Amino acid sequence: MSDLNQTLSLFARAIVSGEAVSTEIIAAYPNYSCDTAIEVYRNNYRGNLHDALACAYPVIVQLVGDDFFRFLAKKYIEYNQSSSTNMHDYGAVMANFLADFEPVRQLPYLPDMARLEWACHVAYYADDRVPLSLESLAQIPAARYADLVLQTAGQVIRSSFPVAAIWQAHQSAMSEDFHLDLSDGPGIFLVSRRDCFVEVSELSVSDADWLQRIQSGQSLGAATMETIERYPDFDLQAALLNLLACAALTSFSLETTT
Amino acid sequence: MNKQAILTTAIGGLLALGLAGTASAADHPMEKCFGISKAGMNDCSSKKSGHSCAGQATKNSDANDFVSVPKGTCNKIAGGVLMESGDMMMKKAM
Amino acid sequence: MNLPANDLLPCSAGIGLRAPHYREVLDTLPALGWVEVHNENFFGGGAPLRTLLKVREHYPVSLHGVGMGLASTAPLNEQHLSALQRLCDAVQPVAISEHLCWNSADGFVVNDLLPFPYTMEALSHVARRIDRVQEKLGRQLLVENLSSYLSFAQSEMTEGEFLAELVRRTGCGILFDVENLYVNVCNLGVDARAFIDVIPHEAVKEYHLAGYSVCDGCLVDTHNHPVYPEVWALYEYVLQHIGPRPTLIEWDSDIPALPVLLAEAAKAQLRMDGCHE
């Protein structure tokens, strides 16, 4: 290991893992000690990651309150080191963390809310995508429709709780005064982005079944027929128009027929 | 309806409505649509949030471990608490 | 390397443009020489990039990076660099800058601006990485001096000497953060005059000003306060010795109302106007 790498590695360990400070760092300064300086860096590290989590999970912040969120973030940061130099990438495994986090066991919908918020966060910072070209699609002969493989941009979230309604109640444009009941029931939601707007829309059971088949790479023909087998009322045209309206249809290819 | 008929009808409809521009989001019937905006989190200042000073950090971090009962809008969601909250006084988990 | 210089940056005062002010700036279009934003907040499309492109229609934009880690020993992140190049293509910035710091090494990522020892080894390492960035972007990078809370026993030169040598080796420019220097003077006993004397003045293309906080005797670069009188005094000294340059007011937490920020920029403009090189 190079000298520089060794030095930086020891410095990183002191900040992230709380290890002892290397003797390479000068111990005393005119107005404070080295311990003070390291504590400022540790504080920055935690503070930056806390802010990144609060940015990714604004509804959870409101649900649990600032003080509890700071506690929750501190625990999350202890168990989840940063792995990206872009702060917007931090916090991806919050849903799993919350599922095992004893102090929020009485809020069973919180992990699903985290999944929903992370999907919104990722959609918000995603690259712009060119929507599917209908002109190109129009060139495909109808006999090949079954072989179409559609690429989509949305993410499907399934929850046993009405998390989209809870999420909606916490958007700033909404009234602070809301009445929700967890027994309002389960839901399936599509998180997508149209232009600048991140959208959360409800999906029917059949639309979700079909979309998840499409997202797993099944061809249009196979996905559609399997969905119809389970849900005879499935309306393919409505499902396609729904995706088009959400700007969630991005491109297509043709599966080579065997 | 057989597979080919289903696909032909659906894609035909998609193309007809889509190319005519009538399948816009404005008349999208089932959508709940909310814009969200976020402040970017990458910046070049040192942090004040959480604990501001090194000396306070140790003191505050102890105190923070006792802030262990969620106290936000979760109280407004009926049926949200599945356990009696007496169980939830969190021990210091450090 | 012969690189296009960053002389597009207008020699006037600008502000660091942050999310709470996007709408008001676009609605009111205040008189401002230019604005600066943090690159990584615009990697991706959607609302952030759309907003920045609208701002670009009215103001010159400087792109200021916080995540590249010029001194990191982890390999230079080519994805990050490509994202920056795409952003440059979209925004056509008047300047591009990064900090003289590191943020990843040996499997650790620390999302902060961290100091390192100023050694010959580090000099070659950082110079190679600056070369790569400038080659990829096809233009000059401005490198900013860092505010630090500690220093390393193995340093073989000062930060000022290190920067001067980087300029000589890579043709990069210098973003001189006057407040960072002041923080280092108080925290580490750095000699401000020696720093100002040793850096090549013609390479200095931009100044930064901001406010700090004091924690347990340590000046912390929190960007949450108006510029202090001591920093204004140092800025005036810098103006006399190096000359006027585009000057930015940075304010990143406890962000004030826009007029307060604009008033700080006006104070910098007043001092620039009163300075005769």
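Given the structure is predicted, the values throughout are model-derived calculations rather than measurements. A, B, ... follow the sequence lines: proteins, then strands. Residue 1 opens every chain.
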Worksheet item: Quick check: does any side chain N or O of A:Tyr41 sit under 3.5 Å from a backbone N or O of C:Tyr149, one acting as donor and the other as acceptor?
Response: yes
Discussion item. I need the residue from C:Ser104, C:Pro48, C:Ala122 with the largest number of non-hydrogen atom pairs under 4.5 Å to chain A.
Written reply: C:Pro48
Worksheet, complete the sentence: CG of C:Asp106 to OG1 of A:Thr7, rounded to nearest 0.5 Å, is 11.5 Å
Fill in: C:Ala83, part contacting chain A, at a heavy-atom distance under 4.5 Å
neither
Item to complete: For each of C:Gln154, C:Arg50, C:Glu40, tally heavy-atom pairs with chain A at distances under 4.5 Å, and name the one with the top tally.
Response: C:Gln154
Worksheet item: Between C:Asn103 (side chain) and A:Ser84 (backbone), is there a donor-acceptor pair under 3.5 Å?
Response: no
Worksheet item: CG of C:Asp112 to CZ of A:Arg46: how many Å apart, nearest 0.5 Å?
Response: 12.0 Å
Fill in: Distance in Å, C:Phe152 CZ paired with A:Phe11 CZ, rounded so as to fall on 0.5 Å steps
5.0 Å
Practice prompt. For residues A:Tyr32 and C:Gly217, report the shortest heavy-atom separation together with the two atoms involved.
Written response: CD2-O, 3.5 Å
Discussion item. If you count every heavy atom of other residues, nucleotides or ligands that lies below 6.0 Å from C:Gln79 atom CD, does the total exceed 12?
Written reply: no
Discussion item. With rounding to the nearest 0.5 angstrom, report the OG1 to CG distance, A:Thr36 to C:Leu150.
Written reply: 11.0 Å
Worksheet entry | Atom group of C:Asn41 that falls short of 4.5 Å from chain A, counting heavy atoms | both
Discussion item. Which heavy atom of A:Ile26 sits nearest to which heavy atom of C:Ala153, and what is that distance?
Written reply: CG1-N, 3.8 Å
Worksheet, complete the sentence: Whatever's closer than 4.5 Å to a heavy atom in chain C on A:Glu24 counts as both
Worksheet entry | Inter-residue atom distance A:Asn5.CG - C:His125.NE2, 0.5 Å rounding | 8.5 Å
Fill in: Structural part of C:Ser148 lying under 4.5 Å from a heavy atom of chain A
both
Worksheet item: Are the side chain of C:Glu121 and the backbone of A:Ser2 linked by a donor-acceptor contact shorter than 3.5 Å?
Response: no
Practice prompt. Please check if the side chain of A:Tyr29 supplies one atom and the backbone of C:Ser151 the other of a donor-acceptor pair under 3.5 Å.
Written response: yes
Worksheet entry | Top contributor to chain C interface from A:Asn31, A:Asn86, A:Thr85 [non-hydrogen pairs under 4.5 Å] | A:Thr85
Worksheet item: Which region of C:Phe43, side chain (C-beta onward) or backbone (N, CA, C, O), has a non-hydrogen atom less than 4.5 Å from a non-hydrogen atom of chain A, or is it both or neither?
Response: both
Item to complete: Quick one: closest heavy-atom pair of C:Ala105 and A:Ser9, and the distance?
Response: CB-N, 4.4 Å
Practice prompt. Begin from the C-alpha positions of C:Phe108 and A:Ser17 and carry the test side chain to side chain contact (heavy atoms under 4.5 Å, CB included) through to its verdict.
Written response: CA-CA 10 Å; C:Phe108 289 93; A:Ser17 318; 3.9 Å; yes
Worksheet entry | Segment of A:Ala12 engaging chain C (4.5 angstrom heavy-atom cut-off) | both
Worksheet, complete the sentence: Output for pair (C:His38 NE2, A:Met87 CE), nearest 0.5 Å, gives 12.0 Å
Worksheet item: If you count heavy-atom pairs under 4.5 Å between each of A:Leu8, A:Asp128, A:Asp127, A:Leu4 and chain C, which one has the most?
Response: A:Leu8
Fill in: Which atom of A:Tyr45 lies closest to which atom of C:Val110, heavy atoms considered
CD1-CG1, 3.7 Å
Worksheet entry | Heavy-atom donor-acceptor pair, A:Asn48 side chain to C:Asn111 backbone, under 3.5 Å | yes
Worksheet entry | Interface moiety of A:Ser82 toward chain C, non-hydrogen atoms closer than 4.5 Å | both
